*Asks:* 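Got a structure here, written out as structure tokens. Questions coming.
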Amino acid sequence: MSTSKNNTSKQLLWIAMAGIFMFFAGLTSAVIVRSAEHGWDSIDMPIWFWYSTAAIILSSLLLIIAKWQVKKGNSPSIYVLGALALGLFFGYCQVKGWDQLTAMGMYFVGEGSNPSSSFLYVITFAHLVHVIGGLVALIITSVKSLQSKYTKDNYLGIELVSIYWHFLDVLWVYLFVFLLYSVK
Amino acid sequence: MSDHHKETFISKYVFSLDHKMIAKQFLITGMFMGIIGMLMSIMFRLQLSNPGESFAVLEWFLGSKWAPGGILDPNMYLSLVTMHGTILVFWVLTAGLTGTFANFLIPLQIGARDMASGFMNMLSYWFFFAATIILLCSLFVETGPASAGWTIYPPLSALPQAIPGSGLGQDLWLVSIALFIVSSLLGGLNYIVTILNLRTKGMSMSRLPLTMWAILITAILGVLSFPVLLAAALLLIFDRSFGTSFYLSDIIIGGEALHHTGGSPVLFEHLFWFLGHPEVYIILLPSLGIVSEVMSVNTRKPIFGYKAMVGAMLAIAFLSFIVWGHHMFITGMDPFLGSVFTFTTLLIAIPSAVKVFNYLATLWKGSIRFTPAMLFTIGFVSTFITGGLTGLILGDSALDINVHDTYFVVGHFHIVMGLSAIYGMFSGVYHWFPKMYGRMMNKKLGYLHFWVTFIAAYGVFFPMHFLGLAGLPRRYYTNSAFPMFDNLTDINSIITFFAIVGGLVQLVFVFNFFYSIFKGTKASENPWESNTLEWTTPVERIHGNWPGEIPTVHRWPYDYSKPGADKDFVMQTEPLKEGKTEH
Ligand code: HEM
Ligand SMILES: [Cu+2]
């Protein structure tokens, strides 16, 4: 019974992630279509987006270790908390990145905006919204982990949160590389 | 009813977690919206056949603001067309159809107590309900409901100041559709995991009734395509309300240049139709499933080519993602790209033809029981063929350029999608009504409903092809302003006449439906002598579906008229005879 419940929730998550991916596939193909036309300004990628990329990759790695640890019967708390901290830092970097963009005169709307900058804001913003969902999940997982709710035989929560977080990580790397080349 | 926990009116009929009740909620909401959408179409049909004439009913329904002196206001005309399309496409044929039959049939046909998550299921309905309320509210706003068409192309949809319907009405439309998307994603996720995980013992994928395959594929299409619409709508909202220029470029209104630069309305069309084309199959597929099931039961024959049916549905689903460009041949698309889309579009004809062939082969030499459900199923096969044929013309870019955005297209998609899907839905309601309410619907009224609907519907949509070939554009308020269309007035009158007849006869169905809920003759457990699992559940509908153990499945669902069997149907629960192999 419990393994079938595990499978069900993992499947739910995978299918939901497929849907989320399609959402971003829609946005990025819009960029492809639009950037082929005239009036597409180029933008230098803010350095903060490089930092955030590093942060989210590192936090993903920590979650991998967290899963190893819990499988071995150790407490994963420190790693989950570390991932959470890096996740929060990721959010901070994104906001700093937007600051940097506006400082460069690249706005979301109005004077000084261009489809390329508008797209950059929308896509990074939409990704951050999904990250916030992941952060909430990470907070819940951290609390539960601190209460020692996860054991060798029962760590579904950690598994689910890592799957989703890795997804956000890979998604961000995809978006980042994609944007790096398309807003050039 | 059930003894393990007390039910109140609220928990049973309102915030129900039971899949059967949620299905009925979807069905009743869908029917209600269907009536409203149909009324709208009759109102704008009056204007199309009698341009500028006064009709008391119009003033009665719309008030003196939108139909002063009984003459339909041009802005209201656009709103009615838009709302009609939106309601029928999304509310009736997407949520109403899938929401009803997915919820009702999945647990019953795969042998499960309920959906994987009853809670998500309930949420799915209530998001849909909220979307419905908002859409209905938009009918009453000062500037009128949205009027940029169900495809909400910018700039009409993106500039609040463009026409009255581009204002608050369009905002509400967007909010409503966003809630609608959430609802259908929640529902779709649930349908997929339920079918994949909760099948009873012995119910392998290859023993699933075709309804289940159809719904599974529908749900996958929905989960993959609705998010793209959400992305398109998000960018549209930014353009409307925040002043970005994703879809807008260099527009001058009243001599004043707007600040938007560099956007592309064609971009919206790409995003919209990437959902839009899969969406038409989201509408069609559940009916393909229902019809297969009803046909097999009522011909007393196994469905012809079960595996080919599944394969064809998978092929259609896959292809539906790579044909969206056929809605955009005249947007200045590179002719080479146009020919690529022509090619992929015409490929869809192959799996479609496989399905048609299999339906005809199933009907061939069947001992057909002409129940109302079966008549609608046959009606479906008819419209799927006649509507599909015009698709071949439209799919060819060289031909499409001549008839794009004319009534030819309106005729095409109403027959192939509108009629086919609604016939499938009617067929399903007549067929599963005994399981839903424990009573039978009246047969005679069912026949009346079918024949009048069938004739009237062709009466409406068949002549539209001629209008389109004569060049009559769709979505125009009046034809009388163009002398070249003067000789088409008679055709328009005929269409409106049939539209009214077809509309009226739906009242027979509505009456039959509600009357039978209370007064229909009592149904037996398996009135159609069908093989599938839902017909092993008791007539009283209970929580958990089966009073005892969930039955085990031993065979596929289509063992009708099996040589050597003592009855002409062998239920899925019956073990194979010693030494016998499956079909
Ligand atoms: C062989 C099969 C089919 C082909 C080749 C085909 C082709 C086309 C083409 C090329 C158009 C665009 C016409 C234009 O706007 O100029 C079109 C419109 C449409 N088709 Fe089909 N079609 C096929 C079957 C279907 C089916 C099965 C459905 C629905 C279940 C469907 C639903 C629609 C709808 C809704 C539109 C109009 C959308 C709008 O502009 O409002 N078609 N079809
Ligand atoms: Cu299409």
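So you know, we letter chains A, B, ... as the sequences are listed, proteins then strands, and number each from 1. Everything quoted here is computed from the prediction, not taken from an experiment.
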*Asks:* Return the minimal non-hydrogen interatomic distance between L12(A) and M120(B), and the atom names on each side.
*Replies:* CD2-CE, 4.1 Å
*Asks:* Should we say atom CD of Q161(B) is surrounded by more than 12 heavy atoms from elsewhere, each under 6.0 Å from it?
*Replies:* yes
*Asks:* Specify which of L230(B), L185(B), V266(B), L224(B) makes the most heavy-atom pairs with chain A at under 4.5 Å.
*Replies:* L224(B)
*Asks:* Any chance you could measure I181(B), atom CD1, to F23(A), atom CZ, to the nearest 0.5 Å?
*Replies:* 9.5 Å
*Asks:* Test side-chain contact (heavy atoms from CB on, under 4.5 Å) on I15(A) and I220(B) and set out the steps.
*Replies:* CA-CA 9 Å; I15(A) 302 165; I220(B) 294 174; over 6 Å; no
*Asks:* Which one of V228(B), V193(B), L229(B) has the most heavy-atom pairs closer than 4.5 Å to chain A?
*Replies:*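 Option with the greatest count: V193(B).
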*Asks:* At a heavy-atom separation under 4.5 Å, does F268(B) approach chain A through its side chain, its backbone, both, or neither?
*Replies:*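 Contact with chain A involves no heavy atom of F268(B) at all.
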*Asks:* R34(A) and G263(B): which non-hydrogen atoms are nearest, and at how many Å?
*Replies:*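 Looking at all heavy atoms of both residues, the shortest contact is NE-CA, 4.2 Å.
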*Asks:* So, for P115(A) and S245(B), which heavy atoms are closest and what is the spacing to 0.1 Å?
*Replies:*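 Nearest heavy atoms, P115(A) then S245(B): CG-O, 4.2 Å.
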*Asks:* Surrounding CD of E549(B) (heavy atoms of other residues, nucleotides or ligands, distance under 6.0 Å), is the total greater than 12?
*Replies:* no
*Asks:* Closest approach of F246(B) and S118(A), non-hydrogen atoms and distance?
*Replies:*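 It is CZ-CB, 3.5 Å.
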*Asks:* Is it the backbone or the side chain of F119(A) that comes under 4.5 Å from a heavy atom of chain B, or both, or neither?
*Replies:* both
*Asks:* Do other residues, nucleotides or ligands put more than 12 heavy atoms under 6.0 Å from W48(A) CH2?
*Replies:*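 Yes, because the 6.0 Å sphere around CH2 of W48(A) holds more than 12 heavy atoms from other groups.
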*Asks:* Is chain A contacted by the side chain of L235(B), its backbone, both, or neither, given a heavy-atom distance below 4.5 Å?
*Replies:*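 Just the side chain, heavy atoms under 4.5 Å.
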*Asks:* If you count every heavy atom of other residues, nucleotides or ligands that lies below 6.0 Å from Y79(A) atom OH, does the total exceed 12?
*Replies:*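 No - once you tally the heavy atoms of other residues, nucleotides and ligands closer than 6.0 Å, there are 12 at most.
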*Asks:* Show the nearest heavy-atom pair for residues L271(B) and G26(A), with the distance to one decimal.
*Replies:* CD2-O, 3.4 Å
*Asks:* In terms of heavy-atom contacts, does CZ of F321(B) have more than 12 from other residues, nucleotides or ligands at under 6.0 Å?
*Replies:*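 Enclosed: over 12 neighbouring heavy atoms sit under 6.0 Å from CZ of F321(B).
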*Asks:* Which heavy atom of L189(B) sits nearest to which heavy atom of A16(A), and what is that distance?
*Replies:* CD2-N, 3.5 Å
*Asks:* Is the count of non-hydrogen atoms from other residues, nucleotides or ligands lying under 6.0 Å from L180(A) atom CG greater than 12?
*Replies:*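 Yes - once you tally the heavy atoms of other residues, nucleotides and ligands closer than 6.0 Å, there are more than 12.
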*Asks:* Chain B heavy atoms under 4.5 Å from Y121(A): which part of the residue, side chain, backbone, both or neither?
*Replies:* neither
*Asks:* When rounded to the nearest 0.5 angstrom, what distance separates CG in N197(B) from NZ in K10(A)?
*Replies:*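 Spacing of CG (N197(B)) from NZ (K10(A)) equals 12.0 Å.
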